[in-house]
Amino acid sequence: MKHVVKILTLVVAITAFWIGLLQTSVVPCSHTWLLPIYFIVSLGCYGLLMVGIGLICFPTCPQEALLLQQDIKEAKEYLKRNKIDVGSD
Amino acid sequence: MEEKNNNKFSIIVPTYNERLNIALLVYLVFKHLRDVDFEIIVVDDGSPDGTQEVVKQLQQLYGEDRILLRPRPRKLGLGTAYVHGLKHASGNFVVIMDADLSHHPKYLPSFIKKQLETGADMVTGTRYVKGGGVHGWNLMRKLTSRGANVLAHTLLWPGVSDLTGSFRLYRKSVLEDVISSCVSKGYVFQMEMIVRASRKGYHIEEVPITFVDRVFGSSKLGGSEIVEYLKGLAYLLVTT
C-alpha cells in the first residue's frame, strides 16, 4: 500500500470519529466543532517542540575537527614521501 | 561463521575539483581497511583542477586494481555518477561517500561490522544520534536541518533518523534495484533512495557518524532550496 493511502485512511478514520461525536452528542456540540482546530494546533505545537528539543540536543563533535586535522597532516606527509603531487592547499 | 573474507567492497566516490581531498581520502581508506577486500571507484566529472592526474598517481602507488578511475566529460549529477560507478563495481557491497572528508573513512569498519552482525541490506550513517554529530554548523543550519527532518519524519515515517545523509553501505543488488526507481536530484535524491528502500522492505541499519564541515559557516540555503525541498517531500509522499 502506498504511504499516502495509509495517511488518507488515518485522516478518514479520524474524520469519521469526529462526525460520530457530533451526531451522538456525547460531548457538547460546541466543543466538538472546535476539535479539528485543537488537533491541528496540537500537531503544530508537537512539531515545534520536536524541532526545539532536536536543536538543543543536537550532537556536536568539536574534537573530531582536531582529529581530522591530525589525519590530514599524517596523510600529507605520506603523500609527500611517495611523491604524490597534490599542489598547494 | 565469519564470511568476512568473501565480501568485496566497491567504494564509489564522485569527485569534482577534489585534487587534494581525493588523495587524503584514499590514504585514509587504505589506513582503516587493512584486511578488507575493496576497490575505490573515482567518478570524476571532468575536474579542471587536475583531480584525475592525482588519481592516476595514486593508481601507480596503490595499484590499478584497487583504484579505478572512471571519469565523465562534465558535471552530470550525483545519481548518474552512482549509476556510472555501479557499472564498474566488482564488489558484492557498495559504499557511497563524499570526497571532501566530511565522511571520514574511519567509520567504514563500523559499517561493515554492522552489516555482518545484522545481515542488513543497507547500513546508513546517521549524524543525529548519540555517538554521531556535526561540527562547523551554525545555528541556522542546525535549525533548518532539524526542521526539515521533523517535517520529513511526520510525513514519511521513514524508519531512519538521518534521511539526507549520503554515507551509506548497500548490498550491490539492493542499490541497483533502488536506484533504478529514483528520479529526484540533490539531497531529495538521497531521501528518495532511503524511503524507497524502506518501502520495498529492505533491512536498513544505522551507525553513528560524525560530519565535519571544513568550510565553516557556508550555508547554501535560499528560498528556492526550501521550495525544492518541499516539492521533493510532496513528491515522495505521493509516490512512495
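Just so we're on the same page: letters track the sequence lines, and every chain starts at 1. What you see below is based on every heavy atom in this structure, not just the backbone, and it leaves out hydrogens, waters and symmetry mates.
- A 4.5 Å side-chain heavy-atom check between A:Val4 and B:Thr239 finds every atom pair outside the cut-off.
- A donor-acceptor contact shorter than 3.5 Å is absent between the side chain of B:Arg146 and the backbone of A:Val51.
- For B:Leu101, the parts lying under 4.5 angstrom from a heavy atom of chain A are both the backbone and the side chain.
- When B:Asn149, B:Ile22, B:Val238, B:Leu156 are compared by the number of non-hydrogen pairs under 4.5 Å with chain A, B:Leu156 comes out ahead.
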* Step by step, would you call B:Leu28 with A:Glu74 a side-chain contact (heavy atoms from CB on, under 4.5 Å)? -> CA-CA 9 Å; B:Leu28 289 170; A:Glu74 179 190 318; 5.6 Å; no
* Asked: Taking it one step at a time, do A:Lys76 and B:Leu20 satisfy side-chain contact (heavy atoms from CB on, under 4.5 Å)?
  -> CA-CA 9 Å; A:Lys76 277 185 178 170; B:Leu20 171 62; 4.0 Å; yes
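- Contact check for B:Lys106 versus A:Glu64: side-chain heavy atoms found under the 4.5 Å cut-off.
- Among the candidates B:Val129, B:Leu143, B:Val54, B:Thr210, the residue making the largest number of heavy-atom pairs closer than 4.5 Å to chain A is B:Thr210.
- With a 4.5 angstrom heavy-atom cutoff, A:Ile7 touches chain B only via side-chain atoms.
- Taking the six-membered ring where the residue is Trp, A:His3 and B:Trp157 present perpendicular rings, their angle passing 60° and hence far from 30°.
- The 12-atom threshold is exceeded at NZ of B:Lys200, counting heavy atoms of other residues, nucleotides or ligands nearer than 6.0 Å.
- Summarising the geometry of B:Gly133 relative to A:Cys61, their closest heavy-atom pair is C-SG, 3.7 Å, with the distance given to 0.1 Å.
- B:Tyr27 approaches A:Ala75 most closely through the heavy-atom pair CD2-CB, 3.3 Å.
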* Could you check A:Asn82 against B:Gln57 for side-chain contact (heavy atoms from CB on, under 4.5 Å), going step by step and ending with a plain yes or no? => CA-CA 10 Å; A:Asn82 287 279; B:Gln57 289 180 59; over 6 Å; no
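- At a threshold of 4.5 Å between non-hydrogen side-chain atoms, the residues A:Leu68 and B:His135 do not count as touching.
- If you measure heavy-atom distances from A:Phe58 to chain B, the contacts under 4.5 Å come from both the backbone and the side chain.
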* Could you check A:Tyr46 against B:Val150 for side-chain contact (heavy atoms from CB on, under 4.5 Å), going step by step and ending with a plain yes or no? => CA-CA 10 Å; A:Tyr46 171 76; B:Val150 167; over 6 Å; no
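- For the options B:Leu24, B:Leu25, B:Val134, B:Val212, heavy-atom pairs under 4.5 Å to chain A are most numerous at B:Val134.
- Taking a 6.0 Å sphere around NZ of B:Lys31, one finds it holds more than 12 heavy atoms contributed by other residues, nucleotides or ligands.
- Not counting sequence neighbours, B:Glu18 has no partner by the salt bridge (charged side-chain N to carboxylate O under 4.0 Å, His left out) test.
- At least one side-chain heavy atom of B:His104 sits under 4.5 Å from a side-chain heavy atom of A:Asp71.
- Heavy atoms closer than 4.5 Å to chain B are found nowhere in A:Leu48, neither backbone nor side chain.
- Contact annotation for B:Leu58: both backbone and side-chain heavy atoms come within less than 4.5 Å of a heavy atom of chain A.
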